[in-house]
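Report on one structure; see the data block that follows.
Proteins come first, then strands; the chains are lettered A, B, ... in the order of their sequence lines, and each starts at number 1. Worth knowing before you read on, the calculation uses all heavy atoms, side chains too, and leaves out hydrogens, waters and symmetry mates.
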Amino acid sequence: MLSYILRRIIMAVPILIGISILTFSVMHLAPGSPTSMLLAPDIGPEVRIAFEERYGLNDPIPVQYVKWMGAMIQGDMGYSLVRVGMPVSEMIMNRLPNTLILMGASTIIAIVISIPLGIISARRQYTVTDYSVTFGSFVGIATPNFWIGLLLIMWLSVNLGWFPSGGTHTLNEPFSILDRLHHLFLPALVLATADMAGLTRYSRSSMLEVIRQDYMRTARAKGFTENTVIYKHGLRNGLIPIITIFGLMLPSFFAGSVVVERIFAWPGIGDLLITSVFQRDYPVIMGITMISAVLVVLGNLLADIAYAIFDPRIEY
Amino acid sequence: MSVLLDVKNLQTHFISKKQTVKAVDGIDISIKKGETVALVGESGSGKSMTSLSIMQLVPSPGGEIVGGEVNFNGRDLLKLKEKEMRKVRGNEISMIFQEPMTSLNPVLTIGEQITEVLRYHKKMSKEQARRRAVELLKLVGFSRAEEMLKDYPHRLSGGMRQRVMIAMAMSCDPKLLIADEPTTALDVTIQAQILEFMKNLTHQFETAILLITHDLGVVSEVADHVVVMYAGQVVETSDVERLFDEPKHPYTQGLLNSIPAIEGEIERLQSIKGNVPLPDEMPAGCRFAPRCPKVFDKCLTSNPELIPQEQGRKVRCYLYEEGEDAV
């Protein structure tokens, strides 16, 4: 098992290098440069050249990449161009826990709602229940996150006043778990919706596949109740493909969190990313991209490990 | 010996908006305690549906038992509530299936799959169930039974899995074992071994077997009594010796003629022409008439009843009606 995990980690290295090269190149293609951001427009060319000389900005791009990568590995992501003197790593680390909390909560909501819905839908294939779940899923897939978010804010926050419309906690109040959860619920739900729809569909088809298997008939022939048959003999088999799907859904969680954090004024890295993009704060953008990439790769690694644990047929 | 299972006029239909398919159309089977009865027929004759109907595991929605009686040990199983029926399944009647490769759950250990039955029906403790499982695995010829409990099915060959299935099926000392083509998916040497284990175990525990098969070689080896099915109906019942000596129904004769003989002259193998009729194209008269070499006028207009013969044999054929000469 340990060697399997190690092998998977080693395999992740080239992926991350590829992503870093891509990010770095794209950033250099974009208009604007640190020089134009940091120096006053009326500065003389000799000052500009000296500035570029000093920060290595006139080095060839591959050299710049190696320097950037070298620092990155040591945890130094450089400094923000907008909030001058602020280390990027610190900016990200301040925000990352909020994003992880949001994504964690969404994941739980998505699992708790989608998988049971998928199972119910599969058990009652071609009934009104099944059709309703299917219809709901397609509505969920077709509706953009930001729109659901705005709608819920209008309805539940503004009109009914049940939930706060943004932020992670009530300002100027002592720390309270309930208050945090109260703030967390709406953004987490909205972030979950897009993937919930897909996850429900996948659970349904996975369980449909399983229900027809011979070993389910064997379990029934043992005299077990239908629930034992489904949950003990079926679910574990049905979950195996869903684990993979889950790993694949992580990137869309990140993409979704950018929008959701913005709408709910949730101070996470998604919100930071948008702000930085508008401000052309390249070091921050690159930092966030790399961190997200690492997290996605890590998530897939976890999915693969979980896969190997759930399915005894996988040799590692 | 007393009758253990007495199936009377069992009817299982598949009902859809377009049509009703009579998969099992009035089957009678009677099995005595400790007896082995073979249910024989081609694919599509309704053998497997008969066995699933006895267990009340007919795929639903779609399949439905619409009539008849399944008298088992003095009560009609069809009248039991689902909850009571669950106590029969896996406990008093157990089942093994055709496909050992897919009939075991791939993500549960062999030990778990055997002990769960014991714990559920016999309320055994974990330790008791484990010990019994080891015992059962040894009975089906596994010497390293203890270590096997932790193995997953994918590590076993087809024959080994079928032995595990037998151990599982025998775990609660069932009175009846339904074996649905238990050796079809296995190669010939393993077939003999599996049949041997089934014979020994059932003899030891006085378990009756309903053996579903299309392999007449298997029938001659293990069965006491044979029920031949064709297109959802019984066409002939007989004890095994007389059936092989003197098959009466032209279909049974056809089945026996299509077995290659090892001894004797090499001649062209006989086959029964045509196929089992599709349920929506059932002939008006005898269902076998379109394929029957001895068909005559009466066969085309009405379907014969099962006609009693000597020694308790029965045959569904007008050739054996009173006044007709046996062929």
Practice prompt. Under 4.5 Å heavy-atom distance to chain A, tell me which part of B/Met85 shows up: side chain, backbone, both or neither.
Written response: neither
Item to complete: Answer with side chain, backbone, both or neither: which region of B/Ile96 has an atom nearer than 4.5 Å to a non-hydrogen atom of chain A?
Response: neither
Fill in: A/Lys232 vs B/Glu112, side chain to side chain contact (heavy atoms under 4.5 Å, CB included): CA-CA, chis, key distance, verdict
CA-CA 11 Å; A/Lys232 180 171 179 187; B/Glu112 175 61 26; 2.4 Å; yes
Discussion item. For the backbone of B/Gln113 and the side chain of A/Lys222, can you confirm whether one donor and one acceptor N or O come within less than 3.5 Å of each other?
Written reply: yes
Fill in: Engaged part of B/Met101 at the chain A interface, taking heavy atoms whose separation is under 4.5 Å
neither
Fill in: Inter-residue atom distance B/Arg86.CZ - A/Glu226.CD, 0.5 Å rounding
9.0 Å
Discussion item. Tell me whether the count of non-hydrogen atoms from other residues, nucleotides or ligands lying under 6.0 Å of CD in B/Glu206 goes above 12.
Written reply: no
Worksheet item: Do the side chain of A/Thr218 and the main chain of B/Leu104 share a donor and acceptor less than 3.5 angstrom apart?
Response: no
Practice prompt. Enter the distance from B/Thr102:OG1 to A/Met216:CE here, rounded to the nearest 0.5 Å.
Written response: 13.0 Å
Item to complete: Using atom types as modelled and distance alone, determine if a side-chain donor or acceptor of B/Tyr120 lies under 3.5 Å from a backbone N or O of A/Gly223.
Response: yes
Discussion item. More than 12 heavy atoms of other residues, nucleotides or ligands under 6.0 Å from CZ of B/Phe197: yes or no?
Written reply: yes
Worksheet item: So which part of A/Thr225 gets closer than 4.5 Å to some heavy atom of chain B, the side chain, the backbone, both or neither?
Response: both
Discussion item. Just checking A/Arg180: does its CZ atom have more than 12 heavy atoms from other residues, nucleotides or ligands closer to it than 6.0 angstrom?
Written reply: yes
Worksheet item: Has A/Arg217 got its NZ or CZ under 6.0 Å from the middle of the six-membered ring of B/Phe97, at an angle within 45 degrees of the ring axis?
Response: yes
Worksheet item: Which heavy atom in B/Pro106 sits nearest to a heavy atom in A/Pro312, and how many Å separate them?
Response: O-CG, 3.3 Å
Worksheet entry | Modelled atom types, side-chain donor and acceptor of B/Glu116 and A/His233, under 3.5 Å | yes
Response to the item:
If one checks every heavy atom of B/Asn91 against chain A at 4.5 Å, the contacting part turns out to be neither
Worksheet item: Where on A/Phe224 is there a heavy atom nearer than 4.5 Å to chain B: the side chain, the backbone, both, or neither?
Response: both
Discussion item. Please determine whether the number of non-hydrogen atoms from other residues, nucleotides or ligands lying under 6.0 Å from atom NZ of B/Lys122 exceeds 12.
Written reply: yes
Discussion item. Taking NZ in B/Lys81 as the centre, count heavy atoms belonging to other residues, nucleotides or ligands within less than 6.0 Å. Is the count above 12?
Written reply: no
